[in-house]
Asker: 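Here you go, one structure.
In the text below, chain A, chain B and the rest are named by the order of the sequence lines, each starting its count at 1.
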Number of protein chains: 2
Amino acid sequence: MARTEALSRERIVGAAVELLDTAGENGLTFRALSTHLKTGAGAIYHHVANKDELLVAATDGVLARAMASDEAGGSPEDAIRALALAVFDAIDAHPWIGTQLTRTGSQPAMLRLFERVGGHLRALGVPAGTQFGAASALLLYISGVAAQNAAMARDAEPGLDRRAFLESISTTPDPAAFPFLHAMSTQLRDHDDRTQFLTGIDLILAGVAAA
Amino acid sequence: MARTEALSRERIVGAAVELLDTAGENGLTFRALSTHLKTGAGAIYHHVANKDELLVAATDGVLARAMASDEAGGSPEDAIRALALAVFDAIDAHPWIGTQLTRTGSQPAMLRLFERVGGHLRALGVPAGTQFGAASALLLYISGVAAQNAAMARDAEPGLDRRAFLESISTTPDPAAFPFLHAMSTQLRDHDDRTQFLTGIDLILAGVAAA
DNA sequence: ACCTGAACACCGTTCAAGT
DNA sequence: ACCTGAACACCGTTCAAGT
């Protein structure tokens with residue numbers, strides 16, 4: 001019989017991740033968390049300063065694990081693509097990360113990402129004067145995708161068909177006033193988020209190469 | 001003497017924008033809003049379904065105004081830059097928009113932006129097969145910047161010097177483990193957000209041109 | 001030192017009662 | 001039809017009291 005383990009920062013953060021994954025961003029409350037941990041609400045404050053710190057720790061932990069696998073071999077461009085996809089997949093698995101990533105509290109995670117991207121850009125031979133701009137653009141693009149995906153996971157009413165939803169987006173507005181949107185309706189309906197995400201990364205990399 | 005105007009959706013949304021601008025994202029509560037409008041909290045619900053709808057309406061209104069000025073003349077690329085900067089400046093003036101833009105509720109605003117960007121890409125002669133990817137990338141990049149800027153405005157403790165803050169970011173982590181970050185510290189400290197934002201737009205446009 | 005859980009100061013939202 | 005404002009069902013966080 002597993003005795004109840006002692007409360008610890010690690011166990012709290014782990015339980016928080018579990019709650020966020022299963023119950024969503026609104027599912028993480030100190031009441032739910034303390035019930036889950038079979039303790040009082042106030043006990044948590046002995047190990048974590050407040051909810052923000054808890055969210056930062058949860059985000060940092062998941063993201064650090066996602067970025068851990070370092071593929072040796074392959075071009076620097078491939079390494080950037082693999083890194084970006086690792087972040088994408090982590091957000092896909094834990095959509096709440098997308099919301100957290102665009103908060104100043106998640107600086108540590110963003111700085112690690114910036115560092116890794118920058119290292120690959122250097123290996124790519126990008127001139128010193130362009131490195132900062134290129135790394136920033138890639139990072140901002142990645143956070144944009146993160147935020148959007150988190151929004152979809154958070155706000156989508158359950159049971160909504162993705163295809164039908166995307167189709168309704170492109171067909172609801174007046175086609176005469178939205179000709180471009182209308183022309184893109186098929187692609188919008190059929191597109192794959194992950195592939196599309198990579199297209200943007202490739203465009204930025206192509207722009208960097210052209211400069 | 002201005003008599004107290006009747007309550008209306010317009011007045012409510014206007015007051016909400018004012019509160020968001022002056023008191024920040026947390027400043028908008030139905031209690032503060034009803035005090036501001038000299039009415040009861042429940043009265044607002046006769047004109048707006050809930051807080052989410054109020055935020056969407058506020059975001060949509062401000063952004064529609066920002067995107068209204070259409071510069072004729074100039075290249076399609078310049079038009080895209082002008083459009084992107086208009087959104088950037090609107091977010092700069094009303095940081096809470098950045099948070100709202102990455103919520104599914106703000107679809108109308110995003111669709112308008114998508115349409116406008118797409119129209120310019122067509123005028124630019126971008127081949128049909130590339131248009132969707134290019135428009136998506138630009139939109140995702142813009143929302144990334146939006147989310148980041150909103151985070152900075154929301155989370156930055158007041159009275160914090162921007163330069164000092166940016167410098168601390170690049171110097172706090174171990175330089176040996178973060179060589180790229182360390183090499184970029186000067187640029188990070190001195191960079192201008194608006195210029196940097198435009199650099200990313202230009203990189204994507206260059207990537208589109210190269211394809 | 002750590003835990004408990006009631007209490008505090010807030011929220012968004014509802015609804016009987018008024019005009 | 002619109003407004004009022006107390007009440008409800010929640011939050012995050014604190015803190016006296018326990019072990």
Asker: Aromatic contact between Phe197(A) and Phe88(A), with the criterion being ring centroids under 6.0 Å apart: yes or no?
Answerer: yes

Asker: Hey, mind stepping through Leu55(A) and Leu20(A) against side-chain contact (heavy atoms from CB on, under 4.5 Å) and telling me if it holds?
Answerer: CA-CA 10 Å; Leu55(A) 282 166; Leu20(A) 286 163; 4.1 Å; yes

Asker: How many whole angstroms separate atom CD1 of Ile44(B) from atom C1' of dG5(D)?
Answerer: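 These atoms are roughly 12 Å apart.
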
Asker: In terms of side-chain heavy atoms of Ala43(A), which of dC3(C), dC3(D), dG12(C) is nearest?
Answerer: dC3(C)

Asker: Taking the nucleotide of DNA chain D with the nearest heavy atom to each, does Ser8(B) or Asp52(A) sit closer to the 5' end?
Answerer: Ser8(B)

Asker: List the steps, then state whether salt bridge (charged side-chain N to carboxylate O under 4.0 Å, His left out) holds for Arg9(A) with Glu53(A).
Answerer: CA-CA 11 Å; Arg9(A) 196 185 153 89; Glu53(A) 195 190 292; 2.7 Å; yes

Asker: So which atom in Val126(B) and which in Gln131(B) form the shortest heavy-atom distance, rounded to 0.1 Å?
Answerer: O-NE2, 3.0 Å

Asker: What is the minimum heavy-atom distance between Leu203(A) and Val208(B), and which atoms define it?
Answerer: CD2-N, 3.8 Å

Asker: Figure out the NE2/P separation between His46(B) and dA16(C), and round it to whole Å.
Answerer: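 Taking atom P of dA16(C) as the reference, NE2 of His46(B) is at 13 Å.
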
Asker: For Phe178(B), give me all partners under ring-ring contact (aromatic ring centres under 6.0 Å, His included), at least two apart in sequence or on another chain.
Answerer: none

Asker: Rounded off to whole Å, could you give me the NZ-to-C1' distance for the Lys51(B) and dC11(C) pair?
Answerer: 8 Å

Asker: If you look at every heavy atom in His182(B) and Pro175(B), which pair is closest and at what distance?
Answerer: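 Looking at all heavy atoms of both residues, the closest pair is CD2-CB, 3.7 Å.
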
Asker: Does the pair Arg162(A)/Asp193(A) count as a salt bridge with the N-to-O cut at 4.0 Å?
Answerer: yes

Asker: Which helical stems does DNA chain D take part in, if a stem means at least 3 consecutive Watson-Crick or G-U pairs with both distances below 3.5 Å?
Answerer: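 Ordered by first number, the stems with DNA chain D (at least 3 consecutive pairs each) read C:4-8 with D:12-16, C:12-16 with D:4-8.
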
Asker: Pair Asp89(A), Arg194(A) - check salt bridge (charged side-chain N to carboxylate O under 4.0 Å, His left out), show working.
Answerer: CA-CA 8 Å; Asp89(A) 290 337; Arg194(A) 201 170 185 269; 2.8 Å; yes

Asker: Closest approach to the side chain of Leu7(A), judged atom by atom: which nucleotide of dC3(C), dC3(D), dG12(C) is it?
Answerer: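 Among the listed nucleotides, the one closest to the side chain of Leu7(A) is dC3(C).
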
Asker: Quick one, which residues of residues 19-35 of chain A touch DNA chain D with a heavy atom under 4.0 Å?
Answerer: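 Nucleic-acid contacts, sorted: Leu28(A), Thr29(A), Phe30(A), Arg31(A).
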
Asker: Rounded to the nearest Å, what distance is computed from the CZ atom of residue Arg11(B) to the P atom of nucleotide dC2(D)?
Answerer: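 After rounding, the reported distance stands at 15 Å.
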
Asker: Using OP1 and OP2 only, check whether a side-chain N or O of His47(A) sits under 4.0 Å from dC3(C).
Answerer: yes

Asker: Nearest whole Å is fine: how far is dC8(D) P from Tyr45(B) OH?
Answerer: 17 Å

Asker: Nearest-Å distance, CG (Leu54(B)) to P (dC11(C))?
Answerer: 15 Å

